[in-house]
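Some notes on the structure that comes next.
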Amino acid sequence: MAAALSGGVCGGRGDWRAPFSFSSFPAASSLLRGEGSVFPVNYASRIMQKQCFPPCSDLMGARLAGSHVDAQEPRTNPLVSVSDEPETLYKRLSLLVKGHDKAVLDSYEYFAVLAAKELGISVEKVHKPPQKIERLTLLKSVHIYKKHRVQYEMRTHYMCLELKYLTSSTAAVYLEYVQRNLPEGVAMEVKKTKIEKIPEHIQQPVWDTLPQVEGTEVKS
Amino acid sequence: MAAPAAARALRAVPRMVPVPEATRALHTTPTCLKTRAARVRVGKGDKPVTYEKAHAPHYIAHRKGWLSQHTGNLAGELGAAERAVEDAFLRRFLYGTFPGILADEVVLKRRANLLVVCAVLARSLAPAKLYFLVGYTETLLSHFYKCPVRLELQTVPSKVVYKYL
């Protein structure tokens with residue numbers, strides 16, 4: 001029992017289940033570990049199966065290839081939905097990330113850009129707008145001493161990531177992944193620029209559609 | 001014989017003539033207001049002090065990190081006052097729930113709805129009691145704040161001393 005607590009992280013989460021379920025927010029790492037997951041299906045279920053059958057014995061050769069296990073019972077992931085509606089297209093997806101710590105923002109930028117590259121999303125540009133500093137000057141003492149003041153400041157650093165040409169489902173997946181891994185103390189603002197079809201009444205120039213009007217003479 | 005000698009002695013002593021302009025008074029300066037916020041004053045060298053306490057607040061973001069991480073104080077974000085009140089309550093609550101065991105200040109992290117409380121404890125309580133206290137804290141605080149609360153602990157043999165002041 002003493003060994004269990006020696007210097008390691010112990011949250012005791014496995015021992016205590018809340019009486020009611022929260023809309024809890026498990027981090028991606030805990031999802032991959034498969035512990036305390038809120039979702040009924042483990043995202044890493046495929047990977048776990050492959051790890052369960054090490055390619056050592058020949059007797060299990062027919063069942064070793066991971067894909068064959070699923071062929072008999074095709075399992076559809078309840079979280080993936082397929083629909084026939086046309087997807088909304090986004091010309092630009094702009095993520096503005098703000099935080100107090102520049103190092104945290106740098107590491108988050110590396111993570112977001114890597115995630116975009118892995119998903120095949122083209123990154124338009126990554127730039128850092130200048131920081132904003134909010135300063136307060138307060139009296140140092142509780143009573144009198146007006147000449148002695150104290151100054152505080154709050155610095156907000158920004159990082160803007162712009163992605164181009166996404167579909168709505170790609171954007172949804174990317175945003176969900178990137179927002180679930182948003183570090184504490186960091187806020188994100190998302191702006192999407194949609195591509196829409198030109199409305200029908202504007203597609204043809206007006207002067208082509210109007211009927212030919214004969215010239216009328218105006219006598220003043 | 002003594003009288004002329006005494007008279008000569010009196011003449012030898014410098015005469016103190018009172019000057020009307022001179023006054024005898026105590027000269028004072030207005031109180032020198034040194035900053036005292038979040039600083040441990042230097043003493044005899046017998047006071048053990050942790051890294052957190054040893055550094056003054058102007059070292060935040062240079063040598064120190066933040067004890068409470070949330071988005072309330074960012075430009076254009078709301079809720080700073082509410083988070084501050086919650087932080088104050090949480091620190092007092094944890095100071096009382098783990099009496100004398102807290103080795104250092106508690107770090108509070110807010111990720112979306114989740115509140116993560118990171119505490120460093122000394123190993124002076126039995127593990128069974130610690131497990132109970134962890135569960136008690138998590139359940140009570142999550143009922144109180146209506147959000148999931150997770151307590152992440154680290155145990156340390158004794159308080160980590162940075163220097164003696």
Side-chain angles (χ1 to χ4, degrees), chain A residues 1-13 15-27 30 36 38 96-104 131-134 139-141 144-145 147-158 179-189, chain B residues 30-37 57-58 60-61 65-66 68-77 80 83 107-121 123 125-128 130-139 142-143 146-157:
Chain A
M1 281 255 270
L5 276 182
S6 56
V9 173
C10 111
R13 276 164 62 228
D15 301 330
W16 296 95
R17 292 265 172 230
F20 58 90
S21 60
F22 320 103
S23 55
S24 116
F25 207 82
S30 79
V38 181
L96 178 70
V97 185
K98 23 184 186 169
H100 288 300
D101 199 353
K102 220 189 252 182
V104 167
Q131 63 178 355
K132 282 197 188 147
I133 307 180
E134 187 189 334
L139 295 175
K140 195 191 267 189
S141 172
I144 53 172
Y145 302 117
K147 289 184 199 171
H148 301 84
R149 312 231 182 170
V150 128
Q151 288 185 316
Y152 298 102
E153 65 177 28
M154 286 173 279
R155 295 188 182 181
T156 309
H157 300 275
Y158 294 95
Q179 282 167 2
R180 277 188 185 268
N181 289 302
L182 203 62
E184 49 277 341
V186 170
M188 188 200 281
E189 280 175 20
Chain B
T31 42
C32 196
L33 288 164
K34 283 199 196 298
T35 330
R36 298 190 68 91
H58 61 269
I60 293 177
W66 283 269
S68 165
Q69 286 160 356
H70 56 86
T71 57
N73 282 321
L74 292 170
E77 300 288 332
R83 303 293 98 74
V107 172
L108 301 167
K109 299 182 185 179
R110 285 182 180 84
R111 275 174 228 145
N113 201 22
L114 175 65
L115 173 59
V116 182
V117 178
C118 309
V120 184
L121 303 181
R123 294 172 199 163
L125 259 194
L130 263 182
Y131 283 132
F132 167 75
L133 283 177
V134 163
Y136 157 81
T137 316
E138 284 190 0
T139 333
S142 43
H143 276 272
K146 308 284 183 268
C147 68
V149 175
R150 200 163 76 200
L151 190 59
E152 288 182 0
L153 293 185
Q154 185 190 347
T155 54
V156 153

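Here is how names work: the chains are called A, B, and so on, in the same order as the sequence lines, proteins then strands, and each is numbered from 1.
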Where [X] and [Y] come nearest, the two heavy atoms and their spacing:
| X | Y | answer |
| --- | --- | --- |
| Leu182(A) | Arg111(B) | O-CG, 4.2 Å |
| Glu77(B) | Ala187(A) | OE2-CB, 3.6 Å |
| Ala75(B) | Thr156(A) | N-OG1, 3.2 Å |

Q) Does the side chain of His100(A) reach to within under 4.5 Å of the side chain of Gln69(B), using non-hydrogen atoms? A)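 Not in contact.
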
Q: Measure the spacing between NZ of Lys140(A) and CZ of Arg36(B) and express it to the nearest 0.5 Å.
A: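 With rounding to 0.5 Å, NZ (Lys140(A)) is 11.0 Å from CZ (Arg36(B)).
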
Q) CG of Asn73(B) to CZ of Arg155(A): how many Å apart, nearest 0.5 Å? A)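 Asn73(B) CG to Arg155(A) CZ: 14.5 Å, rounded to 0.5 Å.
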
Q. If you measure from the Lys or Arg side-chain nitrogens to the Asp or Glu carboxylate oxygens, is any gap between Glu184(A) and Arg110(B) under 4.0 Å?
A.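 The answer is no: the pair does not qualify as a salt bridge.
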
